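Sequence positions, counted from 1, serve as the residue numbers for this chain. Computed from a prediction, not measured in an experiment: that's the story for all the values here.
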Amino acid sequence: MAGAGAGEDDAAWERAISAAVKSAPLSPFSAPKTLTLDGAVKSSTGRLPSPALFDRFPSLEELSVAGARLSSLAGLPRLPALRRLSLPDNRLAGADSLAAVAQSCGGTIRHLDLGNNRFAAVEELAPLAPLGVESLDLYQCPVTKLKGYREKVFALVPSLKYLDGVDAEGNDRLESDEDEEEDEDEDEDEEGDEEGAEDGEGEGEEEDGEEEDGDEEEDGEEEEGDEDEEEGDEAEDKEDEAEDDEPDSGAAEKSEVANGNKSAGSALPSKRKRDNEDGGN
């Protein structure tokens, strides 16, 4: 019978989730960030549906399950982006329920609504102590009737700013504060996107700068090479000019030999003439 009841509950949850997804605002290519299931299911087992039904929404930021007759949060899946969880008008009690919240979304949860449940002692709220919960609602829970309830809860959860819509000094929470928190959340998301884009642009600029430096170095090397070649050509030209200016030693030698022969030839007849004259005398 328990299995049959769980199966019927899962079928009812499936229908409720499908209807909520259709009515939730979302872009054509993304999962919804808000899921409202208030009064859609009256659980016969007091439990949430199979975790697989919620595993399809890893980007879920707000989940509301009011008036579902829940007495346990066992099976609450991991919701790494959830910031607001509303579970009013159920039958929840004990630290185990809040331990499940801590395991599911303890790193991101900021707003928790547990109004009109069955929490009766401040100690039951201990799993919330290390979390970053800023707003907690426990209105109409038995614990609110305890003496010093507010002071004890604020002391237990250091991150808490508002308890039942009122801060530690008794000032009501203003709508402007809620708007500011929502704007801060949106700014954080936008800053994350902008930082990713800037990092990409910065890397691109660095790469462009490196490429330009590389091109400049190559141009510099080419210019230096051209200068060296020009200097080499100039040196060769100077050497050629020097060689052209030097007298042709071979030609000079030939000239000297020719002149010597002519001198010797011209001297021979004169000697013979003198010898003949001497013989005649």
Any carboxylate oxygen within less than 4.0 angstrom of a Lys/Arg side-chain nitrogen, looking at E14 and R56? yes
Return yes if a side-chain donor-acceptor contact under 3.5 Å exists between N117 and N90, otherwise no. no
side-chain contact (heavy atoms from CB on, under 4.5 Å) for L37 and I17? Distances and angles first, verdict last. CA-CA 7 Å; L37 303 171; I17 291 173; 4.0 Å; yes
Do you reckon L92 sits in the same ILVMFWY cluster as Y139, going by side-chain contacts under 4.5 Å, direct or chained? no
Side chain to side chain contact (heavy atoms under 4.5 Å, CB included) partner of L85, chosen from V101, V65, T108, L60: V101
Let me check something: any side-chain donor-acceptor pairs from residues 150-158 under 3.5 Å, sequence neighbours excluded? List them with distances.
| from | atom 1 | to | atom 2 | distance (Å) |
| --- | --- | --- | --- | --- |
| R150 | NH1 | L163 | O | 3.0 |
| R150 | NH2 | V166 | O | 3.2 |
| R150 | NH2 | D167 | O | 2.8 |

Is the side chain of E124 donor-acceptor paired with the backbone N or O of G94 at a distance under 3.5 Å, no angle test? yes
Review item, side-chain donor-acceptor pairs of residues 71-80, under 3.5 Å, at least two apart:
| from | atom 1 | to | atom 2 | distance (Å) |
| --- | --- | --- | --- | --- |
| S71 | OG | G46 | O | 3.4 |
| S72 | OG | A74 | N | 3.0 |
| R78 | NH1 | S104 | O | 2.7 |

Please walk me through it: do D172 and Y162 pass side-chain contact (heavy atoms from CB on, under 4.5 Å)? CA-CA 8 Å; D172 291 338; Y162 296 97; over 6 Å; no
Judged by atom type as modelled, is there a donor-acceptor pair below 3.5 Å linking the side chain of D113 to the main-chain atoms of S64? no
Worked verdict on L63 versus F57 for side-chain contact (heavy atoms from CB on, under 4.5 Å): CA-CA 10 Å; L63 175 62; F57 312 109; over 6 Å; no
Using a 6.0 Å cut-off, check whether atom CZ of R47 has over 12 heavy atoms from anything other than its own residue. no
Main chain of L48, side chain of D9: is a donor-acceptor contact present, judged purely on distance under 3.5 Å? no
So, S43 side chain and T45 main chain: donor-acceptor pair closer than 3.5 Å or not? yes
Rounded to the nearest 0.5 Å, how far apart are CG of D38 and OG of S86? 7.5 Å
Using only heavy-atom distances, determine whether the side chains of Y149 and D164 contain a donor-acceptor pair under 3.5 Å. yes
Step by step, work out the side-chain contact (heavy atoms from CB on, under 4.5 Å) result for R91 and R69. CA-CA 6 Å; R91 302 171 181 177; R69 297 178 182 173; 3.9 Å; yes
Can you tell me if K33 uses its side chain to pair, donor with acceptor, with the backbone of L82 under 3.5 Å? no
